[in-house]
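Below is one structure, written out as structure tokens, with a few remarks after it.
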Amino acid sequence: MGQTLTEKILDDHLVEGELEPGEEIGIEIDQVLTQDTTGTLVWLQFEALGLDEVQTELAAQYCDHQTYQFDFKNTDDHRFLRSAAGTFGAYFSRPGNGICHNVHRENFAAPGKTLLGSDSHTPTPGGLGQLAIGSGGLDVAVAMGGGAYYVEMPEVVNVRLEGELPDWATAKDVILEMLRRLSVKGGVGKIFEYTGPGVESLTAPERMTITNMGTELGATSSIFPSDEQTEDYLERVGREDAYEPLQPDDDAEYADEITIDLSDLEPLIAQPSMPDKVVPVREAAGEDVEQVMIGSCTNGGYEDILPAAKMLEDQTIDLSTEMIVAPGSKKASEMLAREGWTAELMAAGVNFSEATCGACIGIGHVPGSDSVSLRTFNRNFEGRSGIEDDNVYLCSPEVAAAAALEGEIVDPRDLDDDIEAPGLELPDTYAGAEEDIIEPDEAVDDELIKGPNIGDVPLKDPLDSHLEGEALLKMEDNITTDHIIPATQDILMYRSNIPKLSEFTLSRVDDTFAQRSLDSDGGFLVAGENYGQGSSREHAALCPMYLGIEGVLAQSFARIHRANLFNFGLLPLEIDEDTYEQIDQGDDIEIVDDVEEAVRSGQEEFTIRVNDDWEATGILDASAREREILADGGKLTHVKQQYEEEGGAPADD
Ligand code: MIC
Ligand code: SF4
């Protein structure tokens with residue numbers, strides 16, 4: 001039987017398990033990436049594991065999320081990261097050089113390689129035929145030390161593309177269409193593999209807009225074949241040697257198939273406040289727009305900003321609208337500046353930011369109260385922009401530029417005839433910002449530099465036999481990691497200081513939660529479906545652990561967050577809808593079984609006694625490896641024990 005492209009790459013990297021959907025597999029990781037807001041913990045854990053040198057082919061440390069350095073704590077984090085990259089042997093991309101996914105795709109991404117990154121949008125270079133997966137930082141640290149990465153073998157779904165995009169429809173509309181059809185939960189446990197005759201019409205950057213935002217489907221990853229378009233892009237970024245043609249076999253078998261006819265697509269928009277609330281732009285037309293932003297790892301590339309610049313050339317944006325461009329990489333920024341496009345945009349009334357994530361997580365350019373912000377980003381979770389009741393819409397750069405011109409949401413097909421569809425144009429060569437990546441052998445530092453805000457990673461005791469405590473918080477479906485640990489400026493600066501950061505845990509849901517948790521002796525979280533969707537930040541498990549939370553009872557879990565719960569020793573039990581409905585906040589929860597023994601022995605059903613009155617079942621669906629991690633009190637302790645047993649060998653199980 002033929003293989004899918006995913007299976008081919010996994011087969012090449014398989015160190016444990018079988019490629020059966022639902023089975024846990026261990027794979028070898030070729031490249032890792034990390035960024036400034038997850039990276040400090042990655043390196044602190046790398047250090048705590050006693051590792052002293054990067055073992056993967058390549059490791060890259062980016063400084064991209066908080067580059068305005070509002071506080072010395074951010075600057076200290078960046079200095080620590082530079083020192084860690086120098087000490088342990090990683091590339092270091094300087095603050096302001098751009099968003100990890102953009103800079104990685106320009107400089108390092110390669111077809112056929114595996115990439116693990118402590119950022120949920122790590123799947124971006126799937127658009128170049130790389131198998132790239134997002135994970136918590138501890139998994140990245142272990143992989144960087146030479147250990148395998150463990151993941152549930154996903155179902156591989158064939159997304160068959162037919163036709164070609166018409167004028168004004170873009171790659172963003174392809175992924176918005178996927179979200180419209182499948183929802184933010186539709187990709188859990190899946191890899192989307194794009195095939196079919198429509199694939200060849202999409203350039204590599206367009207493909208990477210699609211694979212980037214596949215994360216919003218909850219997917220493990222998304223991937224395109226590596227073909228002439230891949231080769232063309234790699235030539236333009238000056239890395240033709242990295243090219244390797246890769247296709248699925250003709251008789252590959254997929255778990256499911258979805259067909260999208262590109263020629264049927266039209267401009268789409270995700271309405272506030274979920275990326276899957278997608279409608280045709282014409283349905284949202286007429287809404288006043290106060291702020292327009294082009295940028296992010298989804299649509300912040302040179303190829304994304306150029307169409308908007310062409311639309312705005314010799315035009316002026318509406319007087320009631322502010323427009324900001326935040327390029328995804330400094331290279332893109334430098335190229336646009338050298339070609340004169342920055343000046344064109346400025347003349348039209350647009351402002352430029354440095355290349356950063358920034359506004360995507362509410363750092364700078366926070367929308368005004370009761371106003372609409374239209375962004376080319378990938379997430380519009382409520383409050384993520386930095387104001388609680390925000391109205392953020394997600395769309396393509398073309399739709400964003402159209403709104404800036406008109407001051408309201410408008411389908412660009414309804415603009416005056418003198419604004420032509422700009423189409424997509426790649427530069428002959430991507431050149432610029434060559435000095436902003438420090439290679440491991442040019443490292444500035446060879447020892448760790450820790451400022452006063454950089455603490456240790458707290459450890460948890462091994463799992464208890466008896467777990468009991470209050471249901472401290474009951475939450476609804478689709479709780480995001482932005483709810484659990486927000487990434488806004490006031491909070492982000494404590495990413496390396498867990499005791500302080502944990503004070504903000506779930507504050508956006510209930511600001512009494514952290515104190516109540518500390519005051520109670522243990523306790524549980526209760527949630528609906530898809531708990532922990534969104535970011536990879538392991539702080540969303542680590543901080544509840546620090547506050548004494550024992551476990552989470554949820555109808556279902558998002559993939560990365562579920563892994564993070566195991567990594568930090570929190571018991572994730574699945575409950576059914578009836579149980580969810582019946583448990584109230586404040587109820588007393590007791591896990592009746594001998595928990596440690598049951599976890600280690602492979603028991604799946606756990607008895608939950610509520611208020612000493614009624615009982616329900618919680619399911620622990622976990623591999624033997626995950627069970628050991630949980631019972632040992634988390635992965636850091638577990639892996640350390642293994643290293644000791646193996647005489648310090650840098651390897652996972
Ligand atoms: C995000 O888009 O939410 C982030 C900020 O990039 C996160 C990483 C983080 O929390 O540091 C992600 O996507 O994993
Ligand atoms: Fe940065 Fe936003 Fe992309 Fe996350 S989604 S990496 S915050 S640009």
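Being a predicted model, the structure only gives us computed values, none of them experimental. What you see below is based on every heavy atom in this structure, not just the backbone, and it leaves out hydrogens, waters and symmetry mates.
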When rounded to the nearest 0.5 Å, the distance separating CD1 of I409 from CG of D288 is 9.0 Å
Less than 4.0 Å between a side-chain N and a carboxylate O, is that true for E435 and R94?
no
Are there over 12 heavy-atom neighbours, none belonging to E420, within less than 6.0 Å of that residue's CD?
no
Compute the ring centroids of Y430 and Y233, then answer whether they are less than 6.0 Å apart.
yes
Indicate yes or no for a side-chain donor-acceptor contact from Q69 to the backbone of T75 under 3.5 Å, with no hydrogens or angles considered.
no
Rounded distance [0.5 Å steps], SG in C100 versus CG in L33
5.5 Å
Is it true that a side-chain atom of S320 and a backbone atom of G407 form a donor plus acceptor pair closer than 3.5 Å?
no
Only one of P486, P275, P272 forms a side chain to side chain contact (heavy atoms under 4.5 Å, CB included) with F381, so which one is it?
P275
Between T209 and E206, is a side chain to side chain donor-acceptor pair (under 3.5 Å) present by the stated rule, with each step listed?
CA-CA 5 Å; T209 292; E206 288 172 290; over 6 Å; no
Please answer whether the main-chain N or O of A326 pairs with a side-chain N or O of S353 as donor and acceptor at a distance below 3.5 Å.
no
Reported OG1-to-CD1 distance for the pair T124 and I210, which is rounded to 0.5 angstrom
12.0 Å
Quick check: does any side chain N or O of S183 sit under 3.5 Å from a backbone N or O of K185, one acting as donor and the other as acceptor?
yes
Can you list the steps and then say if T211 with S222 is a side chain to side chain donor-acceptor pair (under 3.5 Å)?
CA-CA 5 Å; T211 47; S222 305; over 6 Å; no
Nearest heavy-atom contact between S201 and L262 is OG-CD1, 3.9 Å
Checking side chain to side chain donor-acceptor pair (under 3.5 Å) for the pair E529/S556: CA distance, chi angles, key distance, verdict?
CA-CA 5 Å; E529 300 273 8; S556 63; 2.7 Å; yes
Verify, without hydrogens or angle tests, whether T38 (side chain) and S118 (backbone) share a donor-acceptor contact under 3.5 angstrom.
yes
Show me the side-chain donor-acceptor pairs of residues 167-175 shorter than 3.5 Å, one per line, residues at least two apart or across chains.
from, atom 1, to, atom 2, distance (Å)
T170, OG1, K172, N, 3.2
T170, OG1, D173, OD2, 3.1
K172, NZ, N299, OD1, 2.9
K172, NZ, T376, O, 2.6
K172, NZ, F377, O, 3.0
K172, NZ, C395, O, 3.1
D173, OD1, L268, N, 2.8
D173, OD2, T170, N, 2.8

NZ/NE/NH1/NH2 to OD/OE distance under 4.0 Å, R79 and D76
yes
Should the pair R508-D482 be classified as a salt bridge under the 4.0 Å nitrogen-to-oxygen rule?
no
Within 6.0 angstrom of E164 CD, more than 12 heavy atoms from elsewhere
no
Rounded to the nearest 0.5 Å, how far apart are CG of N158 and CD1 of I191?
13.5 Å
Answer yes if the side chains of S536 and S120 hold a donor-acceptor pair under 3.5 Å, and no otherwise.
no
Out of M293, R375, E290, which one pairs with P367 under the side chain to side chain contact (heavy atoms under 4.5 Å, CB included) rule?
R375
What distance do T505 atom OG1 and H539 atom NE2 have between them, rounded to the nearest 0.5 Å?
11.0 Å
R379 meets the salt bridge (charged side-chain N to carboxylate O under 4.0 Å, His left out) criterion, sequence neighbours left out, with E216
Crowding at CG, D418 (>12 non-hydrogen neighbours, <6.0 Å)
yes
Could you check whether atom CZ of R181 has more than 12 heavy atoms from other residues, nucleotides or ligands sitting under 6.0 Å from it?
yes
Test log, rule side chain to side chain contact (heavy atoms under 4.5 Å, CB included), inputs N530 and D477
CA-CA 6 Å; N530 202 21; D477 289 349; over 6 Å; no
Show the nearest heavy-atom pair for residues I133 and T122, with the distance to one decimal.
O-CG2, 3.3 Å
Salt bridge or not for E303 and R105, using N-O below 4.0 Å?
yes
Answer yes or no: is there an ion pair linking D77 with R495, defined by an N-O contact shorter than 4.0 Å?
no
Parallel, tilted or perpendicular, as decided by the 30° and 60° cut-offs, for the rings of H121 and H101:
perpendicular
Say whether, by atom type as modelled, one donor and one acceptor occur between the side chain of S226 and the main chain of P111 under 3.5 angstrom.
no
Any non-hydrogen side-chain atom of V292 less than 4.5 Å from a side-chain atom of I324?
no
For D390 and S385, does a side-chain donor sit closer than 3.5 Å to a side-chain acceptor?
yes
Do the side chain of R207 and the main chain of F224 share a donor and acceptor less than 3.5 angstrom apart?
no
To the nearest 0.5 Å, what is the distance between OG (S507) and NE2 (H483)?
10.5 Å
Taking only Lys NZ, Arg NE, NH1 and NH2, and the carboxylate oxygens of Asp or Glu, determine whether K331 and E434 approach each other closer than 4.0 Å.
yes
With side chain to side chain donor-acceptor pair (under 3.5 Å) as the test, would you mind laying out the steps for E538 and N564 before giving the verdict?
CA-CA 6 Å; E538 57 195 341; N564 286 335; 5.8 Å; no
Within the supplied structure, the quantity of interest is the number of heavy atoms (other residues, nucleotides, ligands) at a distance under 6.0 Å from E476 CD; does it exceed 12?
no
Test side chain to side chain contact (heavy atoms under 4.5 Å, CB included) applied to E228 and E200, step by step:
CA-CA 8 Å; E228 285 89 27; E200 64 187 33; 5.8 Å; no
Is there side-chain contact between D276 and R180, with heavy atoms separated by less than 4.5 Å?
no
So, does S296 use its side chain to make a donor-acceptor pair with the main chain of T298 at under 3.5 Å?
yes
Between E425 and K310 (salt bridge meaning N to carboxylate O under 4.0 Å), is one present in this structure?
yes
Can S329 and E106 be counted as having a side-chain donor-acceptor contact under 3.5 angstrom?
yes
Side chain to side chain contact (heavy atoms under 4.5 Å, CB included), that's the test. Do L394 and N378 meet it? Break it down for me.
CA-CA 7 Å; L394 307 173; N378 48 37; 5.7 Å; no
Step by step, would you call V103 with I437 a side chain to side chain contact (heavy atoms under 4.5 Å, CB included)?
CA-CA 9 Å; V103 184; I437 296 183; 3.9 Å; yes
Ignoring hydrogens and angles, tell me if any N or O in the side chain of Q229 forms a donor-acceptor pair with the backbone of D232 under 3.5 Å.
no
Is the side chain of D36 donor-acceptor paired with the backbone N or O of D64 at a distance under 3.5 Å, no angle test?
yes
Using the benzene-type ring in the case of Trp, are the ring centres of F92 and Y62 under 6.0 Å apart?
no
Do the charged groups of E382 and R384 touch, with an N to O distance under 4.0 Å?
no
With no hydrogens and no angle check, just 3.5 Å: does a side-chain donor-acceptor pair link Q533 and H561?
no
